[in-house]
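Before any comments, here is the structure.
Predicted model only: the values in this text are computed from it and were never measured. One is the number of the first residue; the rest follow in order along the sequence. For ligands, and for the atoms within them, numbers begin at 1 and follow the listed sequence.
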Amino acid sequence: MKGNIHSFEYLSTVDGPGVRFVVFLQGCNYKCLYCHNRDTWDHATNKEYSAQDIINEYNKYKEYYTNGGITVSGGEPLLQLDFLIELFSLCKENNIHITLDTSGQNFDLNDHRFNTLLDLTNLVLLDIKAPNNILHNKITGYDNTKPLNLLYYLDKSRINTIIRYVLVPTITDNENDLYELKKILDSLTYINKVEILPYHNMGKFKWNKYPLEGIREANIDDISKAYNIIGNKYKK
Ligand code: SF4
């Protein structure tokens, strides 16, 4: 089986622990206003790689990944579930630490394949775009019911997870929303790390008409203020 791949990043230090090889999969259903991978949305076939092809790419620089591994991101990786199972199984055979970066929309808890995938995953990076459903819809075009259900499921199943939240000035930095996020975090019993990511506009050039024109990038003070609200104990 082949995966539909957008691109690779060979030396990432921001997509999970250590130095990592990041595989960006092609295709996403969300339409995030701040998406810096706008060019991954299209579901049409881009470049096809088998799981072994990807391990071969990883092996080219494997001496750099001793404390890292492979992160699968996108686009939305869960749209290619069967391919992920093949890839993650091969990673496991090769003793490679695997991180899944997902927005948590495209899954079915009753599908045994999804649980197989989670069993093969060492770490989940789960994007919570907004704790408030109206805002979530405004940002992504979808409800936040599924990502929140996945969050509670991962927590109950004690699966290593880091929540990711993109802080966008005037959009996701509202105090009420951050208090709502805190309420969700405080209700969890296992997951206890949140990475608040500062919004940046480096992907603007990939858009014809950028939706966040005029919105400033987030800075270190914005991030500190947000952690002060949700609780510094959640700082990743
Ligand atoms: S989920 Fe990720 S790739 Fe998809 S639109 Fe949102 S930011 Fe972009």
Can a donor-acceptor pair be found between the side chains of [X] and [Y] at a distance below 3.5 Å?
X    : Y    : result
N137 : D143 : yes
R20  : S12  : no
E180 : N176 : no
N115 : D119 : no

Original post:
Salt-bridged, E175 to K225, with N to O below 4.0 Å?
Top reply: no

Subject >> Salt bridge present between D39 and K206 (N-O < 4.0 angstrom) >> reply: yes

Original post:
What atoms of ligand 1 come closer than 4.0 angstrom to any heavy atom of G75?
Top reply: 3 (S)

**OP:** Looking only at protein heavy atoms, identify the closest one to atom 5 (S) of ligand 1 and say how far it is in Å.
**Re:** W41 NE1, 3.2 Å

**OP:** Using a cut-off of 2.8 Å, count how many protein N, O or S atoms are strictly closer to atom 6 (Fe) of ligand 1.
**Re:** 1

Could you give the side-chain donor-acceptor pairs of residues 27-36 under 3.5 Å, partners two or more places apart or in another chain?
from: N29; atom 1: OD1; to: H43; atom 2: NE2; distance (Å): 2.9
from: Y30; atom 1: OH; to: Q105; atom 2: NE2; distance (Å): 2.8

